[in-house]
There are 2 protein chains.
Amino acid sequence: MDSKIVNLRSKLEIYKADSGGGNIADCPVRDVIQGINNKWSSLLMMALAEKPYRFGELRRLVPDISQRMLTQTLHDLQRDGYVHREVFPTKPPSVEYSLTDLGRSMFGPLHQLLQWAERNHGAVRDARAAFDNTQA
Amino acid sequence: MDSKIVNLRSKLEIYKADSGGGNIADCPVRDVIQGINNKWSSLLMMALAEKPYRFGELRRLVPDISQRMLTQTLHDLQRDGYVHREVFPTKPPSVEYSLTDLGRSMFGPLHQLLQWAERNHGAVRDARAAFDNTQA
DNA sequence: TAGTGCTGGTCTCTTTTTGAGACTTATATA
DNA sequence: TATATAAGTCTCAAAAAGAGACCAGCACTA
């Protein structure tokens, strides 16, 4: 069982935990991925990859995000270094969010995944329908 | 504001909602992505990309997933067509999970993203430290 | 023959996360 | 004077996730 954890670590060359303790849970890749892999992050990355947006623009662009989660997700993206936040001294002050170089770098592979989803959503929809049929 | 939604749609060529209503919320890409983009899916995909595993093996492989979420995530991955579930008539019966062709196809771009995370977790860690410093 | 462990789950309860929506502060406009 | 706008915060309710007990059927052991 433990040997299988080691096995997965080596095969994927991805589970190189800094701790060295072999505990899959404090794996740096998971740490990074969980910042990217959540409901709103990829959507906001997608928007900001197009061009910088202000807070209110993003809110209108993604109407079903709550203000609370927009604030929080942008904050997390900024903390992880993907997004730059700039305040302009207008009245009232406006805030612009844009991708950093790191953000643009990360958006490369993310975009590939999004494109896969675009190309294959038909297949996924069919799979769901088939599955739901066999269950019923 | 509505023109900006259309703008994002066209630029990214990704928001082609079946509804045609222009509502970003019922976008097929988001529908697919949310199945992939969650805490445990990518981790289980990563494990199954290596080789098929049984339920209990996966549980030991990812010690911090609850049995409840393992069941549910595997179920969702199966429903979306990424994972095949096969019951073997051993005593007690064992269940093996493996990737389908669709699953392997999706793992391609997902793997690219995981590799990005592997290569750049240092940069992300540094960004977090810097951010936390300016806040304190 | 009673006890233990293995399999792959489900069920219930608690904790965490998310969502909905009111509220803020300062300024500009009607 | 009343209203709007900006970018949030705050509170409360709802949804999702985690912890851990429990289940059935069979094999092995004492």
Side-chain angles (χ1 to χ4, degrees), chain A residues 1-2 4 23-26 30-31 33-44 47-48 52-79 83-98 131 135, chain B residues 1-2 4 23-26 30-31 33-44 47-48 52-80 83-98 131 134-135:
Chain A
M1 56 266 287
D2 249 33
K4 272 169 192 161
N23 185 358
I24 224 170
D26 38 78
R30 276 178 64 173
D31 186 40
I33 281 294
Q34 313 241 333
I36 301 167
N37 256 13
N38 68 60
K39 187 165 180 183
W40 301 113
S41 298
S42 50
L43 196 54
L44 294 178
L48 295 175
Y53 279 107
R54 288 179 28 204
F55 186 87
E57 291 176 316
L58 286 170
R59 193 155 61 84
R60 285 186 288 273
L61 204 55
V62 185
D64 57 338
I65 193 173
S66 67
Q67 214 157 336
R68 191 180 159 286
M69 287 312 292
L70 180 55
T71 303
Q72 187 181 305
T73 306
L74 286 170
H75 177 273
D76 293 349
L77 289 175
Q78 187 193 357
R79 190 171 101 99
V83 160
H84 171 71
R85 176 180 184 272
E86 189 158 8
V87 182
F88 293 95
T90 55
K91 314 263 171 153
S94 54
V95 179
E96 190 182 82
Y97 293 92
S98 56
F131 182 86
Q135 300 307 82
Chain B
M1 51 270 286
D2 249 32
K4 272 169 192 162
N23 186 357
I24 224 168
D26 37 78
R30 275 178 63 173
D31 185 40
I33 281 294
Q34 313 241 331
I36 301 166
N37 256 13
N38 67 60
K39 186 164 182 184
W40 301 114
S41 298
S42 50
L43 196 53
L44 294 179
L48 295 175
Y53 278 107
R54 288 180 26 204
F55 186 87
E57 292 177 315
L58 286 171
R59 195 156 59 84
R60 286 187 288 274
L61 202 55
V62 185
D64 58 338
I65 192 172
S66 67
Q67 214 156 334
R68 190 180 160 284
M69 287 313 293
L70 180 55
T71 304
Q72 186 181 305
T73 306
L74 286 170
H75 176 274
D76 293 349
L77 289 174
Q78 188 194 355
R79 190 172 101 98
D80 283 5
V83 160
H84 172 70
R85 176 179 185 273
E86 190 158 8
V87 182
F88 293 95
T90 55
K91 314 267 175 159
S94 54
V95 179
E96 190 183 83
Y97 293 91
S98 56
F131 182 85
T134 65
Q135 299 308 81

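Just so we're on the same page: letters track the sequence lines, and every chain starts at 1. Just so we're clear, the structure is a prediction, and the values are computed from it rather than from any experiment.
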[X] [atom1] to [N] [atom2], straight-line distance once rounded to whole Å:
X: A/Arg85; N: D/dA7; atom1: CZ; atom2: P; result: 10 Å
X: A/Met69; N: D/dT11; atom1: CE; atom2: C1'; result: 16 Å
X: A/Glu96; N: D/dA6; atom1: CD; atom2: P; result: 14 Å
X: B/Arg59; N: C/dC6; atom1: CZ; atom2: P; result: 10 Å
X: B/Leu74; N: D/dA17; atom1: CG; atom2: C1'; result: 16 Å
X: B/Leu70; N: D/dG20; atom1: CG; atom2: P; result: 17 Å
X: A/Glu57; N: D/dT5; atom1: CD; atom2: C1'; result: 13 Å
X: B/Asp64; N: D/dG20; atom1: CG; atom2: P; result: 14 Å

Close side-chain approach of [X] and [Y], heavy atoms under 4.5 Å:
X: A/Leu58; Y: A/Leu74; answer: yes
X: B/Asp80; Y: A/Phe131; answer: no
X: B/Asp64; Y: A/Arg30; answer: yes
X: B/Leu44; Y: B/Leu70; answer: yes

Could you check whether A/Arg54 gets within reach of a base, just the sugar-phosphate, or nothing at all, counting any heavy atom under 4.0 Å? sugar-phosphate

Considering every strand and a 4.0 Å limit on heavy-atom distances, what is the contact class for A/Tyr97: base, sugar-phosphate, or nothing?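 The answer is sugar-phosphate, as A/Tyr97 gets under 4.0 Å only of primed atoms, P, OP1 or OP2.
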
Could you please name the option among C/dG9, D/dA6, D/dA17 that lies closest to any side-chain atom of A/Pro92?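 Of the options given, the side chain of A/Pro92 lies nearest D/dA6.
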
With the side chain defined as heavy atoms from C-beta on, B/Ser66 is closest, among C/dG9, D/dA19, C/dG19, to D/dA19

Please name the pair of heavy atoms, one in A/Thr73 and one in A/Trp40, separated by the smallest distance, quoted to 0.1 Å.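 That closest heavy-atom pairing would be OG1-CB, 3.8 Å.
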
Is any side-chain nitrogen or oxygen of [X] closer than 4.0 Å to OP1 or OP2 of [N]?
X: B/Lys91; N: D/dC28; result: no
X: B/Trp40; N: D/dG18; result: yes
X: A/Arg68; N: C/dT18; result: no
X: A/Arg60; N: D/dT5; result: no
X: A/Gln67; N: D/dT9; result: no

More 5' along DNA chain C: B/Val95 or A/Lys39, using each one's nearest nucleotide?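 Comparing both residues, the 5'-ward one is B/Val95.
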
